[in-house]
*Asks:* 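Mind looking over this structure? Questions follow.
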Amino acid sequence: MPELPEVETIRRQIRPRLMARRVLEAGSHPSPKFTPARATTGATISGVGRRGKYLLIGLDHQRELVVHLGMTGRIVFRQGSADDSDPHVRAWWQLDGNETMEFIDARRFGRLRVVPTGDYSAIPTLARAGPEPWDSALTPQLFWQSLRSSKRAIKTQLLSQRPVAGVGNIYADEALWLSEINPARRSIGLERAGRLLDAVRTVMAQGIDLGGTTLRDYRNAEGGSGENQHALAAYGRAGLPCLRCGDTLRSKVIDARTTVWCVACQRN
DNA sequence: CCCAACTCCTGGGCGC
DNA sequence: TGCGCCCAGGAGTTGG
């Protein structure tokens with residue numbers, strides 16, 4: 001599932017390919033999740049940014065195309081026009097230079113929106129997203145205060161995008177494992193919050209360095225796999241030994257999300 | 001405002 | 001080998 005490191009990998013790849021390109025024509029699957037793609041016809045692309053897990057593609061006339069990849073969303077470039085034979089093409093953009101960008105998403109959990117630049121009021125999760133992991137304003141104190149404002153499980157709070165933007169199920173489990181914090185805890189002190197913030201930054205940076213985590217579906221914009229799946233310590237390792245203490249990692253569902261942790265070194 | 005429950009989707013894994 | 005069941009999962013929506 002594309003989280004911040006996967007989306008950032010894709011952003012870096014597509015930015016040079018999209019800058020100053022013109023959308024000659026665009027089309028989509030009929031679902032309202034994807035029809036906003038059509039509104040980009042005629043636009044010239046002015047930038048490719050990212051906020052959390054959202055790609056922000058700058059258009060002209062003070063508009064942005066906001067792309068969320070969901071679970072299985074992929075960006076593919078191809079020469080010529082869109083591939084009619086691929087049933088999973090949910091949106092496509094015919095660019096100048098005889099090239100097409102496709103949004104491919106088998107499970108249709110992704111979605112697209114065109115919004116006025118910087119106005120995310122129609123996308124509440126984006127509008128309310130917390131700071132980027134490396135935002136200098138994100139101090140341990142601020143992070144701790146954000147975590148204190150909710151009584152939900154720490155893991156669930158990370159997934160809410162509120163304390164920090166871009167964390168999904170994989171990197172949440174990794175950060176909690178690295179900082180030795182129990183994912184089901186409902187409150188943590190300042191010292192633990194600082195460790196968790198450091199761990200989020202560490203696992204995110206490693207994820208970007210390794211080009212993302214490819215478990216099944218994730219591919220970057222060039223069709224390649226990431227390498228971070230080989231570096232995971234917790235996610236997907238239930239029943240295997242903890243890389244720190246050797247105890248067997250456990251798995252349980254917390255707020256409808258599979259969670260893997262070490263009972264020994266992530267004790268309350 | 002917060003939170004819990006429900007919803008969207010379908011490829012792939014598994015049991016038989 | 002093939003059929004059919006059911007899970008995974010981010011975030012939007014709804015209702016309390």
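Keep in mind that this is a model prediction, so the values were computed, not measured.
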*Asks:* Could A:R192 and A:W144 be counted as a cation-pi pair, given that NZ or CZ must be under 6.0 Å from the ring centre and within 45° of the axis?
*Replies:*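 The answer is no; the distance or angle limit is not met.
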*Asks:* Just by distance, no angles: are the side chains of A:T72 and A:D217 close enough, under 3.5 Å, to form a donor-acceptor pair?
*Replies:*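 No, because no side-chain N or O of A:T72 sits under 3.5 Å from a partner of the opposite role on A:D217.
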*Asks:* Answer yes or no: does a side-chain N or O of A:T125 lie under 4.0 Å from OP1 or OP2 of C:dG12?
*Replies:*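 Answer yes for this pair, as a side-chain N or O of A:T125 is under 4.0 Å from OP1 or OP2.
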*Asks:* Provide, to the nearest angstrom, the distance between the CD atom belonging to A:Q161 and the P atom belonging to C:dG12.
*Replies:*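 For the pair A:Q161 CD and C:dG12 P, the rounded distance is 9 Å.
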*Asks:* Over how many whole Å does the gap from A:K33 atom NZ to B:dT7 atom P extend?
*Replies:*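 My rounded result for the distance is 14 Å.
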*Asks:* What's A:S150 touching, base or sugar-phosphate or nothing? Going by heavy atoms closer than 4.0 Å.
*Replies:*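 If one applies the 4.0 Å heavy-atom cut-off, A:S150 turns out to touch the sugar-phosphate alone, with no base involved.
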*Asks:* Examine C:dA11: is either OP1 or OP2 under 4.0 Å from a nitrogen or oxygen in the side chain of A:H68? Give yes or no.
*Replies:*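 Yes, within the criterion.
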*Asks:* From the list B:dC2, C:dA8, C:dG10, which nucleotide is the closest neighbour of the side chain of A:T258?
*Replies:*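 Selected nucleotide (nearest to the side chain): C:dA8.
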*Asks:* With a 3.5 Å cut-off and just heavy-atom distances, do the side chain of A:R257 and the base of C:dG10 make a donor-acceptor pair?
*Replies:*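 Between C:dG10 and A:R257, which were checked side chain against base, a qualifying N/O pair under 3.5 Å is present.
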*Asks:* Kindly say if A:R113 contacts the phosphate of C:dG12, meaning a side-chain N or O under 4.0 Å from OP1 or OP2.
*Replies:*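 No.
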*Asks:* Of all the nucleotides listed (B:dG12, C:dG12, C:dG10), which has the minimum atom distance to the side chain of A:R111?
*Replies:*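 The listed nucleotide nearest to A:R111's side chain is C:dG12.
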*Asks:* Provide, to the nearest angstrom, the distance between the CZ atom belonging to A:R74 and the P atom belonging to C:dG10.
*Replies:*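 Rounding to the nearest Å, CZ of A:R74 and P of C:dG10 are 19 Å apart.
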*Asks:* Any cation-pi pair here, A:R17 with A:F77, using under 6.0 Å and within 45°?
*Replies:*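 Output yes; distance and angle both within limits.
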*Asks:* When you measure from the side chain of A:R11 to the backbone N and O of A:V7, does any donor-acceptor pair fall under 3.5 Å?
*Replies:*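 No, A:R11 side chain to A:V7 backbone: no donor-acceptor pair under 3.5 Å.
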*Asks:* Both A:K151 and A:A106 contact DNA chain B. Taking the nearest nucleotide for each, which residue is further toward the 5' end?
*Replies:*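 With A:K151 and A:A106 compared, the 5'-side residue is A:K151.
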*Asks:* Would you indicate which nucleotide in B:dC9, C:dG10, B:dC1 comes nearest to any side-chain atom of A:R128?
*Replies:*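 The answer is B:dC1.
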*Asks:* To the nearest Å, how far apart are A:L55 CG and C:dA11 P?
*Replies:*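 Going from A:L55 (CG) to C:dA11 (P), I get 13 Å.
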*Asks:* I'd like to know if the side chain of A:W93 pairs up with that of A:T100 as donor and acceptor (distance under 3.5 Å, no hydrogens or angles considered).
*Replies:*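 No.
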*Asks:* Respond yes when some side-chain nitrogen or oxygen of A:K53 is under 4.0 Å from OP1 or OP2 of C:dA11, and no when none is.
*Replies:*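 Affirmative; the distance criterion is met.
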*Asks:* Going by ring centres under 5.5 Å and near-parallel planes (under 30°), is A:F109 stacked on C:dA11?
*Replies:*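 According to the criterion (under 5.5 Å, under 30°), no, A:F109 does not stack.
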*Asks:* Once you apply a heavy-atom cut-off of 4.0 Å, does A:E3 come out as touching a base, just sugar-phosphate, or nothing?
*Replies:*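 The residue A:E3 makes no contact with any strand.
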*Asks:* Taking CZ from A:R51 and P from C:dG10, how many angstroms apart are they, rounded to a whole number?
*Replies:*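 In whole Å, C:dG10 P and A:R51 CZ are 18 Å from each other.
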*Asks:* Any side-chain donor paired with an acceptor under 3.5 Å for A:Q229 and A:Y235?
*Replies:*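 Judged by distance alone, the side chains do not pair up.
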*Asks:* Nearest-nucleotide wise, let me know which of A:R216 and A:T156 is further upstream toward the 5' end of DNA chain B.
*Replies:*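 Checking each residue's closest nucleotide, the 5'-ward one belongs to A:T156.
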*Asks:* Taking atom types as modelled, find out whether A:Q161 and A:Y54 have a side-chain donor-acceptor pair closer than 3.5 angstrom.
*Replies:*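 Result is no, nothing qualifies.
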*Asks:* Would you say A:H88 reaches B:dG11's phosphate, i.e. side-chain N/O to OP1/OP2 under 4.0 Å?
*Replies:*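 It does, given that an N or O in the side chain of A:H88 lies less than 4.0 Å from OP1 or OP2 of B:dG11.
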*Asks:* So what does the secondary structure string of DNA chain B come out as, 5' to 3', with Watson-Crick or wobble pairs under 3.5 angstrom, [ ] for crossing and | for pairs with another strand?
*Replies:* .|||||||||||||||
*Asks:* Does A:K252 make a cation-pi contact with A:W261, if we ask for NZ or CZ under 6.0 Å from the ring centre and within 45° of the axis?
*Replies:*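 Pair A:K252/A:W261 counts as cation-pi.
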*Asks:* What is the distance from CG of A:D217 to P of B:dC9, rounded to the nearest Å?
*Replies:*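 Rounding to the nearest Å, CG of A:D217 and P of B:dC9 are 17 Å apart.
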*Asks:* Is the distance from OP1 or OP2 of B:dT10 to the nearest side-chain N or O of A:R108 less than 4.0 Å?
*Replies:*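 So the side-chain polar atoms of A:R108 do come within 4.0 Å of the phosphate oxygens OP1 or OP2 of B:dT10, strictly under.
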*Asks:* Please check the phosphate of C:dG9 (OP1 and OP2 only) for any side-chain N or O of A:Y235 closer than 4.0 Å.
*Replies:*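 Answer is yes, contact under 4.0 Å.
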*Asks:* Side chain of A:R107 only, heavy atoms from C-beta on: which candidate in C:dA11, B:dC3, B:dC9 is closest?
*Replies:*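 Between C:dA11, B:dC3, B:dC9, the one nearest the side chain of A:R107 would be B:dC9.
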*Asks:* Taking atom C1' of B:dC9 as reference, at what distance in whole Å does atom CG of A:L69 sit?
*Replies:*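 One finds 16 Å between C1' of B:dC9 and CG of A:L69, rounded.
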*Asks:* May I have the distance from A:D105 (atom CG) to C:dA11 (atom P), rounded to whole angstrom?
*Replies:*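 It works out to 13 Å between those atoms.
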*Asks:* Return the 5'-most residue of the pair A:M71, A:A122 with respect to DNA chain C, ranking by each residue's nearest nucleotide.
*Replies:*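 By nearest-heavy-atom nucleotide position, the 5'-most residue is A:M71.
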*Asks:* So, does A:Y54 get its side chain near the phosphate of C:dG12, meaning an N or O under 4.0 Å from OP1 or OP2?
*Replies:*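 True: A:Y54 side-chain N/O within range (under 4.0 Å) of C:dG12 OP1/OP2.
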*Asks:* Measuring from the side chain of A:N169 (C-beta onward, heavy atoms only), which nucleotide among B:dC2, C:dG9, C:dG12 has the closest atom?
*Replies:*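 Of the options given, the side chain of A:N169 lies nearest C:dG9.
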*Asks:* Can you tell me if A:T213 and A:Y171 form a side-chain donor-acceptor pair at under 3.5 Å?
*Replies:*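 Yes, A:Y171 and A:T213 have a side-chain donor paired with an acceptor closer than 3.5 Å.
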